[in-house]
Engineer: 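The structure's right below; bear with me while I get my questions together.
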Amino acid sequence: MRAEVKRSIIRGKVRAPTSKSFGIRLILYSLLANVRLLNVSDPSDDIQVARNFVKELGVIEEKPFAFNKVERLRSPSSLYFGGSATTLRMGIPILAVLGGRVMLDGDSSLRRRPLNAIIDALKPQVSFSSTTLPTIMEGRLKTDHITISGSESSQYISGFIYALSLVGGGEIEITPPISSKSYIYMTVQLINSLGGKVKIKGNKIEVEGSSFRDYIGEIPGDYALSSFYAIASVITGGEVSIENLYPIPEYEGDHSIVEILSKMGVKTEITENRWKVFGSENLKGVTVNVDSFPDLAPSIASIAPFADSETVIEGTKRLRTKESDRVYTITSTLKSFSVKVDANEEQIIIYPSAIKEGHIECPSDHRIAMLAGVLSLVSNGIIDRAECVNKSNPYFWKDLISLGGNINLIK
Ligand SMILES: O=C(O)C1=C[C@@H](OP(=O)(O)O)[C@@H](O)[C@H](O)C1
Ligand SMILES: C=C(OP(=O)(O)O)C(=O)O
């Protein structure tokens with residue numbers, strides 16, 4: 001699908017897209033208790049992957065997104081994870097405690113992404129035929145003390161919290177540096193809010209056996225995905241109100257985008273579950289390390305060219321192993337819109353620029369299409385393979401159109 005985007009003013013009210021991270025966690029929680037999700041009508045690709053995963057393990061979906069926990073989970077012989085590294089890397093620890101022999105695979109994007117840390121952590125009890133997908137995983141994890149590197153992905157650690165909750169508890173020792181910490185906090189807070197007993201003690205996480213409460217409720221809104229709507233309103237001279245978000249917790253995370261944009265000069269107001277954005281007098285560049293919340297890099301890159309000073313995105317090393325090599329795809333997308341940008345191993349530097357019409361093909365990375373879509377609302381632009389946004393937010397183009405976006409979608 002091609003999205004032809006013309007200069008627009010983005011303004012109005014919109015419901016936040018549901019959070020991919022919370023959504024996957026809540027679906028995986030059906031391995032521990034019954035789950036009823038009340039606000040999923042058109043699931044994203046990654047939510048669909050998580051839904052299929054729990055059903056392959058034996059969870060019963062009584063009706064759409066109404067999951068019944070089962071006493072005895074099964075070990076499937078093959079599983080397909082699409083492009084969802086969160087479901088894959090949280091799923092591997094769960095499969096390890098269940099034991100068995102299973103072929104794991106994913107799409108071409110997921111096949112490029114590393115699994116070294118989890119393979120090292122599980123040997124010799126669990127073996128893998130390859131260090132990337134497709135791979136055959138065989139064996140069972142018998143120990144309740146795991147040591148794993150924290151520098152590749154936090155998703156493994158979130159997965160072990162679920163896995164140890166399944167088998168009555170244990171301890172995770174994380175070898176520093178610990179990246180994407182905010183997602184570990186998200187997992188701990190969610191599990192503890194539902195009856196779990198998980199404690200973070202320095203670089204160790206203690207998981208106690210527990211009885212878990214059922215979850216009946218919505219998937220909270222996603223700040224990182226909503227930030228594209230907020231930024232689109234700022235750079236096109238509009239105002240938006242984004243509903244159905246969660247109250248900002250004390251730990252940093254995707255919700256830190258609100259503070260980052262405020263520091264750049266964006267006028268915002270946060271109430272209980274609503275994020276109101278009122279434009280900005282003038283935008284200032286910002287220096288921000290994204291190691292704890294890497295998904296914000298494309299969002300920050302979409303507003304940075306409009307600031308009157310340079311923006312430095314630090315902690316970018318692990319962006320190379322996301323759905324695309326995001327150091328390359330962020331810089332090449334910005335350059336296709338005539339933005340002045342530099343990059344090295346640790347940083348992306350974006351300079352004030354007068355952007356011009358751009359044209360990209362989505363590089364199998366939903367957030368890069370969103371970056372290009374937002375820039376195009378100022379300079380005109382074309383995004384081919386625009387359906388790639390469905391990985392996390394199938395409403396992206398429709399929401400922008402409902403907010404005044406002059407966008408033509410050509411199948
Ligand atoms: O746990 C999660 O929900 C996520 C963790 C992050 O990955 P890493 O921990 O690999 O950085 C993030 O990039 C991903 O989009 C979602
Ligand atoms: C990296 C991302 O997702 P995942 O790791 O789940 O593929 C993302 O949503 O930007």
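Since the structure is predicted, the reported quantities are computational estimates derived from the model, not experimental observations. For ligands, and for the atoms within them, numbers begin at 1 and follow the listed sequence.
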Engineer: Please report which non-hydrogen protein atom sits nearest to atom 16 (C) of ligand 1, along with the residue it belongs to and the distance in Å to one decimal place.
Structural biologist: Thr86 OG1, 3.4 Å
Engineer: Mark up the atoms of ligand 2 that fall under 4.0 Å of a heavy atom belonging to Lys20, in ascending order.
Structural biologist: 2 (C), 3 (O), 4 (P), 6 (O), 8 (C), 9 (O)
Engineer: Looking only at distances, can you tell me whether any N or O atom of Arg89, backbone or side chain, sits closer than 3.5 Å to an N or O atom of ligand 2?
Structural biologist: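 For ligand 2, there is no N or O atom that lies under 3.5 Å from one belonging to Arg89.
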Engineer: Counting only nitrogen or oxygen atoms and a 3.5 angstrom limit, does Arg113 reach ligand 2?
Structural biologist: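 Looking only at distances, the answer is yes, because the N/O contact criterion of under 3.5 Å is met.
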Engineer: Geometry only, no angles: is Gln155 polar-contacting ligand 1 at N/O separations under 3.5 Å?
Structural biologist: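 Indeed, backbone or side chain, Gln155 has an N or O that close.
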Engineer: Below 4.0 Å from any atom of ligand 2, is there a heavy atom belonging to Met90?
Structural biologist: no
Engineer: Evaluating non-hydrogen atoms only, which member of Tyr183, Tyr156, Phe293 is closest to atom 4 (C) of ligand 1?
Structural biologist: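 Residue with the shortest heavy-atom distance to the ligand atom: Tyr183.
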Engineer: What residue and heavy atom of the protein are closest to atom 6 (O) of ligand 2, and at what distance?
Structural biologist: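 Scanning the protein heavy atoms, the shortest distance from atom 6 (O) of ligand 2 goes to Thr86 OG1, 2.6 Å.
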Engineer: Under 4.0 Å from any heavy atom of Arg326, which atoms of ligand 2 are there?
Structural biologist: 8 (C), 10 (O)
Engineer: Would you check whether Glu152 has a nitrogen or oxygen atom less than 3.5 angstrom from a nitrogen or oxygen atom of ligand 1?
Structural biologist: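 Checking ligand 1 against Glu152, no N or O pair falls under 3.5 Å apart.
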Engineer: Out of Arg318, His366, Glu323, indicate the one that has the non-hydrogen atom closest to atom 1 (C) of ligand 2.
Structural biologist: Glu323
Engineer: If we check side chain to side chain donor-acceptor pair (under 3.5 Å) with Lys199, which of these qualifies: Glu171, Glu206, Glu208?
Structural biologist: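 Only one of Glu171, Glu206, Glu208 forms a side chain to side chain donor-acceptor pair (under 3.5 Å) with Lys199, namely Glu208.
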Engineer: Tell me whether the count of non-hydrogen atoms from other residues, nucleotides or ligands lying under 6.0 Å of NZ in Lys263 goes above 12.
Structural biologist: no
Engineer: Using a 3.5 Å cut-off on N or O atoms only, is Asp295 in polar contact with ligand 1?
Structural biologist: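 Checking ligand 1 against Asp295, an N or O pair does fall under 3.5 Å apart.
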Engineer: Classify the side-chain pair Ser109/Ser364 by whether it contains a donor and acceptor separated by less than 3.5 Å.
Structural biologist: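 Short answer, no.
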Engineer: Is it the side chain (CB and beyond), the backbone, both or neither of Ser180 that lies under 4.0 Å from ligand 1, heavy atoms counted?
Structural biologist: side chain
Engineer: Check this for me - ligand 2, Asp46, N or O atoms closer than 3.5 angstrom, yes or no?
Structural biologist: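 Between Asp46 and ligand 2, no N or O pair is found under 3.5 Å apart.
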Engineer: Provide, to 0.1 Å, the distance between atom 1 (O) of ligand 1 and the closest protein heavy atom, together with that atom's residue and name.
Structural biologist: Arg25 NH2, 2.8 Å
Engineer: Which protein non-hydrogen atom lies closest to atom 3 (O) of ligand 1, naming both residue and atom, and how far is it?
Structural biologist: Ser21 OG, 2.7 Å
Engineer: Using a 4.0 Å cutoff against the non-hydrogen atoms of Gly83, which atoms of ligand 2 qualify?
Structural biologist: 7 (O)
Engineer: Assess Arg51 against Phe65: is NZ or CZ under 6.0 Å from the centre of the six-membered ring, and within 45 degrees of the ring's axis?
Structural biologist: yes
Engineer: Looking only at distance, does Ser158 have an N or O less than 3.5 Å from an N or O of ligand 1?
Structural biologist: no
Engineer: For ligand 2, which atoms sit closer than 4.0 Å to a heavy atom of Lys322?
Structural biologist: 1 (C)
Engineer: Could you check whether Lys276 pairs with Glu239 (Lys NZ or Arg NE/NH1/NH2 to Asp/Glu carboxylate O, under 4.0 Å)?
Structural biologist: no
Engineer: Under 3.5 Å, N or O to N or O, is Asp295 touching ligand 2 that way?
Structural biologist: yes
Engineer: Looking at Glu243 and Arg274, is any side-chain nitrogen of the basic one under 4.0 Å from a carboxylate oxygen of the acidic one?
Structural biologist: yes
Engineer: Relative to each other, are the rings of Trp275 and Tyr223 parallel, tilted or perpendicular (30° and 60° limits)?
Structural biologist: tilted
